[in-house]
Enquirer: 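Encoded as structure tokens, here's the structure I'll be asking about.
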Amino acid sequence: MRKNIVAGNWKMNKTLEEGIALAKEINELLKGAELKCDVVIGTPFIHLASVAGVVDAKKIGISAQNCADKESGAYTGEVSAAMVKSTGASYVILGHSERRAYYGETAEILKTKVELALKNELRPIFCIGEVLEERENNIFFEVVKSQIVESLFGLSADDFSKIVLAYEPVWAIGTGKTATPAQAQEMHAFIRKTIAEKYGNEIADNTTILYGGSANPGNAKELFSNPDVDGGLIGGASLKAADFKAIIDSF
Ligand code: PEP
């Protein structure tokens, strides 16, 4: 059966010292806890190795928030999937709407990043989601489907089964406007059906589909209680250990 996951996305927040302190605090809160989901923290690149060194790897997985679309070489400022893997990270967030919007990440670039992540044994947490205008124009199903098809449907069934999806309606990210549980469930069911049509029911049933967009301790339980919502990708609320723990405890 598919795993439930609560994954934090710290984005570009926290100095190294602050990040290590937050990771230690989360680690401390999870000590002795009976977890009903996997926990992942997505840190800036420079925190990865240090954070991996202070958390219990049996309880907390580490994720990068991006990786390069090239293997290695003269790409100043880039960080490859192999480098991410070498820090102790086991996941990488790819296709976040902020990277698509501000850094021009196209479906084609993301396809390459996914392939390189998988080649380096990193599990992509692949983000998809429509902007407000696309929701208002009633084209959100088509938009999300094409994001999946264009970047992921070239994968073998074996490789696809390593992907975690995160449905993040862009209008809900960092805005305090959460999708209603019904809107989240409707889209998650559609995503699972789309996967089933390509890879069959077994792979679709085993795919973890996270919800992201202003999830917090007050709304997580209701969101996670939907049959096709398998956890969350959490931005703002993952920067406070107690809030992150409360979301984890919503399972
Ligand atoms: C995100 O950026 O992945 C996210 C879900 O952010 P927030 O929870 O702050 O809306």
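Every heavy atom of this structure was used, including side-chain atoms; hydrogens, water molecules and symmetry mates were not. Just follow the structure's listing: the first ligand is 1, and inside any ligand the first atom is 1.
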Enquirer: What salt bridge (Lys or Arg N to Asp or Glu O under 4.0 Å) pairs are there with at least one residue in residues 6-23, not counting sequence neighbours?
Expert: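 Listed by first then second residue: K11-E98.
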
Enquirer: For ligand 1, which atoms sit closer than 4.0 Å to a heavy atom of L233?
Expert: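 In order of numbering, the contacting atoms are 3 (O), 5 (C).
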
Enquirer: Name all residues meeting the salt bridge (Lys or Arg N to Asp or Glu O under 4.0 Å) criterion together with E28; count only those two or more places apart in sequence or in a different chain, and write none if there are none.
Expert: K31

Enquirer: Return the orientation label for the H47 and W10 ring planes: parallel under 30°, perpendicular over 60°, tilted otherwise.
Expert: perpendicular

Enquirer: So is A172 touching ligand 1 or not, going by heavy atoms under 4.0 Å?
Expert: yes

Enquirer: Evaluate G174 for polar contact with ligand 1, using N/O atom pairs at a separation under 3.5 Å.
Expert: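 Indeed, backbone or side chain, G174 has an N or O that close.
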
Enquirer: State the atoms of ligand 1, each with its element, that fall below the 4.0 Å cut-off from a heavy-atom position in K11.
Expert: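 In order of numbering, the contacting atoms are 1 (C), 2 (O), 6 (O).
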
Enquirer: For K3, which of D230, D38, N206 qualifies under side chain to side chain donor-acceptor pair (under 3.5 Å)?
Expert: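 In the set D230, D38, N206, the residue that makes a side chain to side chain donor-acceptor pair (under 3.5 Å) with K3 is D38.
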
Enquirer: Can you tell me which residue and heavy atom of the protein come closest to atom 9 (O) of ligand 1, and the distance to 0.1 Å?
Expert: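 For atom 9 (O) of ligand 1, the nearest protein heavy atom comes out as G236 N, 2.9 Å.
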
Enquirer: Please could you name the atoms of ligand 1 that N9 approaches to less than 4.0 Å, counting only its heavy atoms?
Expert: 1 (C), 2 (O), 3 (O)

Enquirer: Can you tell me the protein heavy atom closest to atom 8 (O) of ligand 1 and the distance?
Expert: G235 N, 2.9 Å

Enquirer: Do me a favour and list the nearest non-hydrogen protein atom to atom 5 (C) of ligand 1 with residue, atom name and distance?
Expert: E168 OE2, 3.1 Å

Enquirer: For ligand 1, which atoms sit closer than 4.0 Å to a heavy atom of G212?
Expert: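 Matching atoms, with element in brackets: 5 (C).
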
Enquirer: Compute whether any side-chain donor of one residue and acceptor of the other, for Q183 and Y167, lie under 3.5 angstrom apart.
Expert: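 No, no side-chain donor-acceptor contact under 3.5 Å.
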
Enquirer: Could you identify the single nearest non-hydrogen protein atom to atom 1 (C) of ligand 1 and state the distance to 0.1 Å?
Expert: H96 NE2, 3.2 Å

Enquirer: How does I173 reach ligand 1, if at all, at less than 4.0 Å between non-hydrogen atoms: by side chain, backbone, both, or neither?
Expert: both

Enquirer: Consider only side-chain N and O atoms of W171 and E133, and report whether a donor and an acceptor are under 3.5 Å apart.
Expert: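 No - no donor-acceptor pair under 3.5 Å links their side chains.
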
Enquirer: So does K240 have more than 12 non-hydrogen atoms from other groups sitting under 6.0 Å from NZ?
Expert: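 Counting other residues, nucleotides and ligands, NZ of K240 stays at 12 neighbours or fewer.
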
Enquirer: At a 4.0 Å cut-off, with the gap strictly under it, does some heavy atom of S214 reach an atom of ligand 1?
Expert: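 A heavy atom of S214 does come that close to ligand 1.
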
Enquirer: Is the Lys NZ or Arg CZ of R123 less than 6.0 Å from the centre of Y91's six-membered ring, within 45° of the axis?
Expert: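 Pair R123/Y91 does not count as cation-pi.
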
Enquirer: Taking 4.0 angstrom as the limit and counting only heavy atoms of G213, give me the atoms of ligand 1 inside it, by number and element.
Expert: 5 (C), 10 (O)

Enquirer: Would you find a donor on one side and an acceptor on the other, under 3.5 Å apart, between the side chain of E222 and the backbone of N219?
Expert: no

